[in-house]
Amino acid sequence: MTKHFLSDTAVLLGRSLTHVTRSVDTIITTAITPIAMMLLFVYVLGGAINAGPDSYVNYLLPGILLITIASGIAYTAFRLFLDMKSGIFERFQSMPIARSSVLWAHVLTSLVANLISLVVVVVVALLMGFRSAAGVLAWLAVAGILILFTLALTWLAVIPGLTAKSVDGASGFSYPLIFLPFVSSAFVPTDTMPGPVRAFAEHQPVTAIVNAIRDLFTRQPVDSDIWIALAWCVGILIVTYISAMAIYRRKIS
């Protein structure tokens, strides 16, 4: 059964990746928005923001990486919505394939596309002066957190992809996720915020994830932030995966 699932997922993943390669503008568009934000904040607003002794692009990059992921997963919901409306899901169900492989193909496509976008953003950040003394293990830890965050948000994107009534509804859910880093430590230290805003910023998932990535980049001692970040990512992943699979089973039953 496992072999059957893996082979079916691989075939459907190839199909989804083919669609992505035929619309490279999807990845470019996903990367352009966070890059534009990074340029704006570093070269226009960065001089007015006191984020510590390090260069502002170093401070800013972790939050921009999360915005990149939040922008990219909207396309997962969009592609899944189109497949639902085209009737191809019903066609797949009439074939001897593992049912969950259809969703996993979309999820893995999202992971690949988002990783490419993240690499593009990091390259631009390096050109803008981003520097890190992090070692290989720290970079691998950052990559692991970003992959886990991508999977968590992608499974979240599956839910509107399966349930939305329109294209706008399928992709529009990502807007609050893109906005969330603005009320966190991604752009400014939380201690500069007024009381209620600061309380929210310090206890939402983005702040813990951003702080953990920032500590890894700067080779600072990683404190409880990394465990809080992992707990948020794993918790969101478990809840969204269970919810998405339950909705999917109802849709195809």
Side-chain angles (χ1 to χ4, degrees), residues 26-27 30-31 33-35 37-38 58-80 103-104 106-122 125 130 132 134 137-161 171 173-187 190 200-218 222-245:
T26 297
I27 296 177
T30 300
T33 299
I35 288 173
M37 287 184 184
M38 189 162 56
N58 284 11
Y59 184 90
L60 184 68
L61 182 59
I64 293 296
L65 295 177
L66 299 194
I67 289 176
T68 304
I69 295 170
S71 300
I73 53 109
Y75 288 98
T76 301
F78 172 73
R79 287 189 293 265
L80 193 54
L103 289 188
W104 272 106
H106 279 281
V107 170
L108 294 177
T109 299
S110 170
L111 183 60
V112 172
N114 276 290
L115 288 177
I116 294 172
S117 297
L118 289 171
V119 170
V120 172
V121 171
V122 170
F130 169 76
S132 172
L137 290 179
W139 275 99
L140 289 176
V142 170
I145 293 172
L146 292 175
I147 288 172
L148 197 57
F149 185 69
T150 303
L151 288 173
L153 289 197
T154 299
W155 279 106
L156 177 62
V158 168
I159 296 173
S171 56
F173 85 100
S174 65
Y175 297 144
L177 299 178
I178 295 172
F179 176 76
L180 202 57
F182 289 92
V183 193
S184 74
S185 63
F187 294 92
T190 56
F200 174 79
E202 290 180 345
H203 295 91
Q204 59 123 320
V206 170
T207 292
I209 297 170
V210 164
N211 289 345
I213 294 174
R214 190 176 289 139
D215 288 342
L216 290 167
F217 276 153
T218 56
V222 179
D223 53 19
S224 60
D225 277 327
I226 191 167
W227 303 113
I228 296 172
L230 291 175
W232 271 111
C233 290
V234 173
I236 294 171
L237 176 58
I238 292 172
V239 171
T240 54
Y241 172 77
I242 292 173
S243 302
M245 291 303 295

Does the side chain of [X] reach to within under 4.5 Å of the side chain of [Y], using non-hydrogen atoms?
{"X": "Leu153", "Y": "Leu237", "result": "no"}
{"X": "Thr76", "Y": "Val107", "result": "no"}
{"X": "His106", "Y": "Val158", "result": "no"}
{"X": "Val239", "Y": "Leu156", "result": "no"}
{"X": "Asn211", "Y": "Ile228", "result": "no"}

I'd like to know if the side chain of [X] reaches the main chain of [Y], judged simply by a donor and an acceptor atom lying under 3.5 Å from each other, with no hydrogens or angles considered.
{"X": "Thr207", "Y": "His203", "value": "no"}
{"X": "Ser184", "Y": "Pro181", "value": "yes"}
{"X": "Arg214", "Y": "Leu60", "value": "no"}

Write down the atom of [X], the atom of [Y], and the distance for their closest heavy-atom approach.
{"X": "Leu103", "Y": "Ala244", "answer": "CD1-O, 4.5 Å"}
{"X": "Val210", "Y": "Ala186", "answer": "CG1-CA, 4.0 Å"}
{"X": "Ile159", "Y": "Thr240", "answer": "CD1-O, 4.2 Å"}

Could you pull out every donor-acceptor pair under 3.5 Å between side chains of residues 62-74 and any protein atom, sequence neighbours left out?
unit_1 : atom_1 : unit_2 : atom_2 : d
Thr68  : OG1    : Ile64  : O      : 2.8
Ser71  : OG     : Ile67  : O      : 2.9

Contacts of type side chain to side chain donor-acceptor pair (under 3.5 Å), residue Glu202, not counting sequence neighbours:
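In terms of side chain to side chain donor-acceptor pair (under 3.5 Å), with neighbours along the sequence ignored, Glu202 is linked to Thr190, Arg198.
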
All side-chain contact (heavy atoms from CB on, under 4.5 Å) counterparts of Val119, not counting sequence neighbours:
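For Val119 the side-chain contact (heavy atoms from CB on, under 4.5 Å) partners, ignoring immediate neighbours, are Val123.
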
side-chain contact (heavy atoms from CB on, under 4.5 Å) partners of Phe130, counting only residues at least two apart:
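Applying side-chain contact (heavy atoms from CB on, under 4.5 Å) to Phe130 gives Val57, Asn58, Leu61, Ala125, Leu126, Ser132, Trp139, Phe217.
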
To the nearest 0.5 Å, what is the distance between CG (Leu111) and CD1 (Ile116)?
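Leu111 CG to Ile116 CD1: 10.0 Å, rounded to 0.5 Å.
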
About how many Å separate CD1 of Ile213 and CZ of Phe149, when rounded to the nearest 0.5 Å?
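Here the interatomic distance stands at 8.5 Å.
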
If a pair satisfies side-chain hydrogen bond (donor to acceptor under 3.5 Å, both in side chains) and one of its residues is in residues 140-158, list it, with sequence neighbours excluded.
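Every pair satisfying side-chain hydrogen bond (donor to acceptor under 3.5 Å, both in side chains) with a residue in residues 140-158: Ser110-Thr154.
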
Partner residues of Phe182 under the ring pair (Phe, Tyr, Trp, His ring centres under 6.0 Å) criterion, sequence neighbours left out:
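Ring pair (Phe, Tyr, Trp, His ring centres under 6.0 Å) check on Phe182 returns Phe187.
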
Check the pair Ile209, Leu146 against side-chain contact (heavy atoms from CB on, under 4.5 Å), reporting the backbone distance first and the verdict last.
CA-CA 9 Å; Ile209 297 170; Leu146 292 175; 5.8 Å; no

